[in-house]
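Values in this document were obtained by computation on a predicted structure and should not be read as measured data. Read the numbers this way: they start at 1 and go in the same order the structure lists the ligands and their atoms.
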Amino acid sequence: MLTILFIKNSEVIITMCGIIGYIGTKNAVSLVLSGLKKLEYRGYDSAGIATISNKLVVKKDVGKIDEVFSKIDVSNIKSNIAIGHTRWATHGKVTKENAHPHTDCKNEIAIVHNGIIENFKELKEELIKKGHVFKSETDSEVIAHLIEEEMKNKDFVNAFFECLKKLKGSYAIVAIYEKEKKMVAARKESPLVVGVANHGFFISSDVPSFIDETKKVIYLYDGDVVVINNGLKIYNNGVEVKREIDSVEWDAEQAKKGVFKHFMLKEITEQANVIKKAIAQDDDIIKEIVDSMKNAEGIYFVGCGTAYHACLEGSYIFSKVAKLHVNVCYAHEFPNYVHFLTPKSLVIAISQSGETADTLTAIRAAKEKGAKVISIVNVAGSTLVRESHKVLLQHAGPEICVLSTKSYTSQLAILVLLAYAFVDKLDEAKSKLKELIRYIYYLTSKNTQDYIKKLAEILKDSKDIYILGRGLQYPTALEAALKIKEVSYIHAEGFAGGELKHGNIALIEKGTPCIVFTSKDTESDIISNAQELKSRGAYVIGIGPKNNDVFDFFIKVREAEEANSICQIIPIQILAYQLAILRGLDPDKPRNLAKSVTVK
Ligand code: M6R
């Protein structure tokens with residue numbers, strides 16, 4: 001999760017954080033520590049834990065979770081209540097003081113927080129006037145002091161409620177108080193889920209942190225406040241509410257690396273299974289979505305990053321298969337683009353996490369205009385699922401690596417199904433995709449990986465890589481560039497082949513690596529582009545069904561028509577992974593990035 005944490009001397013500190021709390025009958029410290037490890041993809045600059053063992057004990061420091069807790073031994077602390085936090089400040093100071101948990105003046109209250117307390121400066125000034133002493137520069141610390149201030153005339157739980165009334169911004173908070181074995185939590189525009197185990201309760205940013213202990217979850221709604229004492233109570237707007245307990249459909253093994261060194265490689269190799277799951281979609285939901293598309297006056301696909309590339313790819317697929325025009329817009333641009341929406345418009349949002357703030361803002365803007373919103377989402381129970389009129393769940397399983405890989409190809413497969421269903425050929429789409437499954441196993445196999453490693457060796461010291469595609473391969477080129485730059489930090493730029501002569505060719509020098517996606521539909525034009533590149537000295541890498549003399553390196557990917565993009569992106573995902581490894585980078589934890597970008 002990405003959160004802008006605080007602003008001091010015009011310095012913005014941005015963090016990606018994971019939070020977790022446990023209260024129950026088991027050893028809370030070890031459960032919170034192992035949960036934190038599974039949230040480490042959310043942040044890894046500093047970490048901390050707070051627990052109650054007679055007194056409140058807070059341990060925190062700078063570093064990755066293992067580093068922090070190898071310096072600080074907490075294994076001897078026996079308690080059944082604890083909270084933890086893992087953080088990564090990407091701009092500004094990473095200090096022990098700024099690490100979570102934060103405490104009040106008396107060190108009796110501890111809190112962990114994700115989000116932005118927008119009015120923290122005013123709150124902090126008021127609290128300082130009242131005698132509070134702050135230890136960190138964070139916005140989050142005001143929460144602990146506000147609770148302390150309110151506790152002058154209220155109990156812990158009511159003080160927490162009062163504190164929330166004063167906070168402006170977004171938050172997921174978990175708090176504990178030394179003198180009462182209670183845990184309180186709240187969410188507003190930041191993800192927070194409750195895990196219901198037979199030995200206690202978890203409150204966490206994400207399900208994998210407690211999946212070893214329970215598959216029963218409560219997805220909290222915005223504005224929900226949780227109080228856990230002997231049992232669990234949830235309030236919204238001051239009124240107690242009932243929330244359903246859901247069962248997570250995947251198991252603990254799926255959220256583990258297993259035999260793989262990194263989640264990225266594991267998720268890349270899961271793609272054949274993910275396509276199988278996509279094909280097994282409920283036909284009725286597909287047909288309902290198609291009906292909504294047929295009845296709509298104006299259809300808009302919205303998403304960000306990789307999900308946006310799926311949207312763009314989807315528009316080409318719909319154009320080709322269904323002869324239907326679908327508009328595509330970055331979700332963050334959509335609020336500037338909604339003026340002509342009517343209640344007959346249909347917005348289809350695509351998102352792996354279902355928590356991307358920009359995508360949520362887009363659908364909210366659409367709903368204000370009365371438009372209908374359908375979402376294609378991977379994470380069940382996410383905010384996007386809850387706020388859409390209709391949802392198609394991807395069932396791609398947990399995607400832990402910050403980079404979207406399997407969720408992308410799953411989205412593409414679903415878009416192929418929808419486009420074919422639009423012209424009453426859903427079964428044809430299913431058989432086409434089924435035929436590809438064995439081939440996708442091959443594309444993700446060790447053989448393919450070894451072959452692509454040779455290319456990675458050649459490209460590992462490149463400064464720039466340019467990637468070209470036409471038609472369906474244009475969005476693939478954009479996605480390929482995103483994959484390479486996110487994880488290897490090599491500058492990569494994707495563009496439509498036709499744009500080459502309109503400016504980009506000026507960048508080509510002797511040896512500049514250029515990747516060219518080819519297909520039966522675009523062959524002659526894209527091969528001309530490849531020749532133009534070659535004559536300027538480029539090192540040309542071809543990816544497609546047919547080799548050509550112009551290529552210095554060729555990766556054969558068989559022709560799969562509308563499903564070309566599913567197959568062709570896979571070698572690039574592998575290449576990006578190999579580049580990261582060869583450059584000594586951790587592919588699961590690329591710098592400055594967050595799995596779900598939950599702030600605008
Ligand atoms: O969870 P979402 O699909 O809504 O996320 C959208 C983007 O933030 C995401 O695709 C991002 O671009 C990834 N880092 C891509 O690998």
Carefully, step by step, assess Tyr451 and Phe553 under the rule ring-ring contact (aromatic ring centres under 6.0 Å, His included). CA-CA 11 Å; Tyr451 181 63; Phe553 194 100; 5.2 Å; yes
Can you confirm if the NZ or CZ of Arg386 lies within 45° of the ring axis of Tyr219 and under 6.0 Å from the centre of its six-membered ring?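 Judged by the rule, Arg386 and Tyr219 form no cation-pi pair.
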Do Arg243's NZ or CZ and the ring of Tyr221 fall within the cation-pi criteria of under 6.0 Å and 45°?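 Positive - Arg243 is close enough to the ring of Tyr221 and near enough to its axis.
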Give the C-alpha distance, both sets of side-chain angles, the deciding distance and a yes or no for ring-ring contact (aromatic ring centres under 6.0 Å, His included) between Tyr408 and His309. CA-CA 8 Å; Tyr408 177 62; His309 297 150; 7.1 Å; no
What distance do Cys304 atom SG and Gln352 atom CD have between them, rounded to the nearest 0.5 Å?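 With rounding to 0.5 Å, SG (Cys304) is 13.0 Å from CD (Gln352).
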Exactly which residues line ligand 1, taking a heavy atom under 4.0 Å from it as the test?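 Ligand 1 is contacted, at a heavy-atom distance under 4.0 Å, by Cys304, Gly305, Thr306, Ala307, Ser351, Gln352, Ser353, Thr356, Val402, Leu403, Ser404, Leu482, Lys483, Glu486.
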Could you go through the salt bridge (charged side-chain N to carboxylate O under 4.0 Å, His left out) check for Lys485 and Asp464 one step at a time? CA-CA 9 Å; Lys485 63 188 157 195; Asp464 310 287; over 6 Å; no
